[in-house]
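Below is one structure, written out as structure tokens; comments come after it.
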Amino acid sequence: MANIVAIVGRPNVGKSTLYNRLTESRKAIVDDFSGVTRDRHYGQAEWIGKKFTVIDTGGFVHGSDDVFEAAIREQVLIAIDEASVILFVVDVTTGITDLDDEIADMLRRSKKPVYVVSNKVDSAKQTNDSAEFYSFGLGDIYNISSMTGSGTGELLDAVVSNFENVEEEDSELPKFTIVGRPNVGKSSLTNALLGKERNIVTPIAGTTRDSIRIHYNQFGHEFLLVDTAGLRRKSKVNEDIEFYSVMRTIKALEDSDVVILMIDAKDGIEAQDINIFHLAEKNKKGIVILVNKWDTVEKDHKTAKEFEQSIKSKIAPFTDVPILFTSVTEKQRIFKAVETAMEVYNNKTKKIPTSKLNDVMLEIIENYPPPATKGKYIKIKYITQLPGRSPMFAFFCNLPQYIKDPYKRFVENKLREHFDFTGVPIQIFFRQK
């Protein structure tokens, strides 16, 4: 599963600065996903070849300190629940506060690896002051200055020592993850596919507690099916649902090849669904959209078409995605869903011979060359598919810097038209030849 590092601590100890330093030490920063994460509170990081996701819980606490002490406690509990490693950030300039003690107490009771990070250590005196944090009873103290970055190397060495880089035994099998809001029918879909009650299905949102992985091998298809716990709401009112759902969804997403996004026909596609969609797209996963409970909707001959158009307008610009209308309870089109996910997986993993790629695409480019810029003509000479877990293409040309986005989209659409990449985000790079 994904390695998740959660940064916890009270407000203003420097959690976000540390987060920025960890995620930006890697050149490719995962973009902001507005909505799921209000700003950029989650990103990818890499240290000595080990990749992990960093979550800054601080971004999820809003308002004055006293009102949100309860929220901070809640975040710590969620981090204990979900993260692989926890960084507990404290501020050497203010020393230990009651809230720090309380957080330390919660972390001591957890079974997770916890590293105490003493921030704002800029002098030898402050290094000595940090010694008071040993009283938490959480082991070694890592002195850092997240502003200058000093000390973060030793901290990261310790953090990644917890991560195994083991590939799972059955990793050759395609992994399909069912995601969506609570109560949209994810567990019912799993049960219908397996033909047995594997999960507890009740109409109460949030009955699935953890991701369940199931080896599916029927009707000529074999894959691993991951039924996620959905974007589960806890009963506590002050729970930050977004924070919880982000962690859960990231875990499931990063561990899959194709994401089956289920939405409710009655509600249509909502902000939370669109966020999951973009999360899957950014992570270069195959995507299938299932509109479930279609049997409950009043329809005429145009309903499905209009519904599909409305979804596509909301997920644009990446709209080359299969949309199926299903009813899990009526067993309508659920096997079609499996077949479609399989086709998307095949599209994601297909390799196009270089000769074929050049035959088809160079002719199109010759008829529709990139527009000249500043009187300079752009010549694309050669195309190749790059190795990778999702389709990536390099177009070699004389002046790559002059190729604009509209032409990139044109090329992408032609690739999709001729080679069928339905359901799969593709990447295109123009390189100097």
Side-chain angles (χ1 to χ4, degrees), residues 3-26 41-43 45-48 50 52-61 65 68-69 71-164 247:
N3 293 320
I4 291 184
V5 175
I7 304 176
V8 303
R10 58 189 173 78
N12 307 324
V13 290
K15 296 190 293 296
S16 297
T17 326
L18 174 61
Y19 164 83
N20 289 338
R21 183 156 289 284
L22 298 184
T23 50
E24 288 172 15
S25 58
R26 180 168 178 244
H41 298 313
Y42 119 67
E46 189 174 335
W47 186 253
I48 55 173
K50 291 183 179 177
F52 52 98
T53 296
V54 187
I55 298 217
D56 165 21
T57 62
F60 300 92
V61 176
D65 297 357
F68 281 98
E69 285 193 9
I72 293 162
R73 288 182 207 108
E74 193 67 27
Q75 315 261 293
V76 174
L77 287 172
I78 294 166
I80 288 171
D81 221 16
E82 299 292 332
S84 334
V85 172
I86 298 166
L87 302 183
F88 173 28
V89 183
V90 286
D91 179 346
V92 71
T93 60
T94 54
I96 297 177
T97 67
D98 294 349
L99 188 54
D100 289 327
D101 268 332
E102 201 178 328
I103 294 172
D105 193 43
M106 293 163 76
L107 292 172
R108 260 199 314 279
R109 291 198 294 266
S110 83
K111 299 283 180 284
K112 293 285 165 83
V114 176
Y115 295 95
V116 178
V117 180
S118 172
N119 192 19
K120 309 184 188 177
V121 176
D122 298 309
S123 67
K125 177 190 177 305
Q126 286 167 331
T127 306
N128 294 335
D129 292 347
S130 288
E132 71 168 310
F133 298 128
Y134 280 105
S135 69
F136 292 145
L138 285 166
D140 287 339
I141 308 299
Y142 290 82
N143 292 317
I144 68 159
S145 164
S146 54
M147 287 301 284
T148 64
S150 71
T152 45
E154 290 84 351
L155 173 64
L156 282 169
D157 286 343
V159 166
V160 300
S161 68
N162 295 281
F163 303 148
E164 300 279 315
M247 273 191 156

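The analysis underlying the following values was restricted to heavy atoms, covering all of them including side chains, and did not include hydrogens, waters or symmetry mates. Residue numbers start at 1 and run along the sequence shown.
Contact annotation: the side chain of Val5 never approaches that of Thr53 to less than 4.5 Å [non-hydrogen atoms, C-beta and beyond]. Counting heavy atoms from C-beta on, the side chains of Thr94 and Arg10 come closer than 4.5 Å. Between Val8 and Leu107, some side-chain heavy-atom pair lies under the 4.5 Å cut-off. At least one side-chain heavy atom of Leu22 sits under 4.5 Å from a side-chain heavy atom of Leu87. The shortest distance between side-chain heavy atoms of Leu99 and Glu102 falls below 4.5 Å. Side-chain contact between Val90 and Phe136 is present, with at least one heavy-atom pair separated by less than 4.5 Å. Side-chain contact between Leu155 and Val117 is present, with heavy atoms from C-beta onward closer than 4.5 Å. You'll find the side chain of Ile141 reaches within 4.5 Å of the side chain of Tyr134, heavy atoms only.
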Evaluate side-chain contact (heavy atoms from CB on, under 4.5 Å) for Asp140 paired with Val116, printing each intermediate quantity in order.
CA-CA 7 Å; Asp140 287 339; Val116 178; over 6 Å; no
Tell me, with the steps shown, if Asn143 and Thr127 meet side chain to side chain donor-acceptor pair (under 3.5 Å).
CA-CA 7 Å; Asn143 292 317; Thr127 306; 4.7 Å; no
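Asp122 and Ser145 are linked by a side-chain donor-acceptor pair at a separation below 3.5 angstrom, with hydrogens and angles left out of the test. With 3.5 Å as the limit, one finds no donor-acceptor pair spanning the side chains of Arg21 and Thr152.
Contact record, Ser118 with Phe133: OG-CE1, 3.4 Å, taken as the closest heavy-atom pair. Scanning both residues, Phe88 and Asp100, for their nearest heavy atoms gives CZ-O, 3.5 Å. Here the closest non-hydrogen pair linking Gln126 and Thr93 is NE2-CG2, 3.8 Å. The two residues Ser84 and Pro113 make their nearest non-hydrogen contact at O-CD, 3.3 Å. What you find for Tyr19 and Val54 is that their closest heavy atoms are CE1-O, 3.5 Å. When every heavy atom of Lys112 is checked against every heavy atom of Ile80, the shortest pair comes out as NZ-O, 2.8 Å.
Panel note: side chain Asn119, backbone Val13; a donor-acceptor pair is recorded below 3.5 Å. Judged purely by atom type and a 3.5 angstrom limit, Tyr115 uses its side chain to pair as donor or acceptor with the backbone of Ala158. Although no hydrogens or angles enter the test, the distance criterion places a donor-acceptor pair under 3.5 Å between the side chain of Asn162 and the main chain of Val159.
Note: Ile103 CD1 to Ile96 CD1 = 12.0 Å, rounded to the nearest 0.5 Å. Distance check, rounded to the nearest 0.5 Å: CG of Asp91 to NZ of Lys15 gives 10.5 Å. Interatomic distance, CE of Met106 versus CG of Asp101, reported as 13.0 Å (0.5 Å rounding). In this structure, Ile55 CD1 and Ile86 CD1 are separated by 11.5 Å, a value rounded to the nearest 0.5 Å. Ser161 OG to Lys50 NZ: the interatomic distance, rounded to the nearest 0.5 Å, is 7.0 Å.
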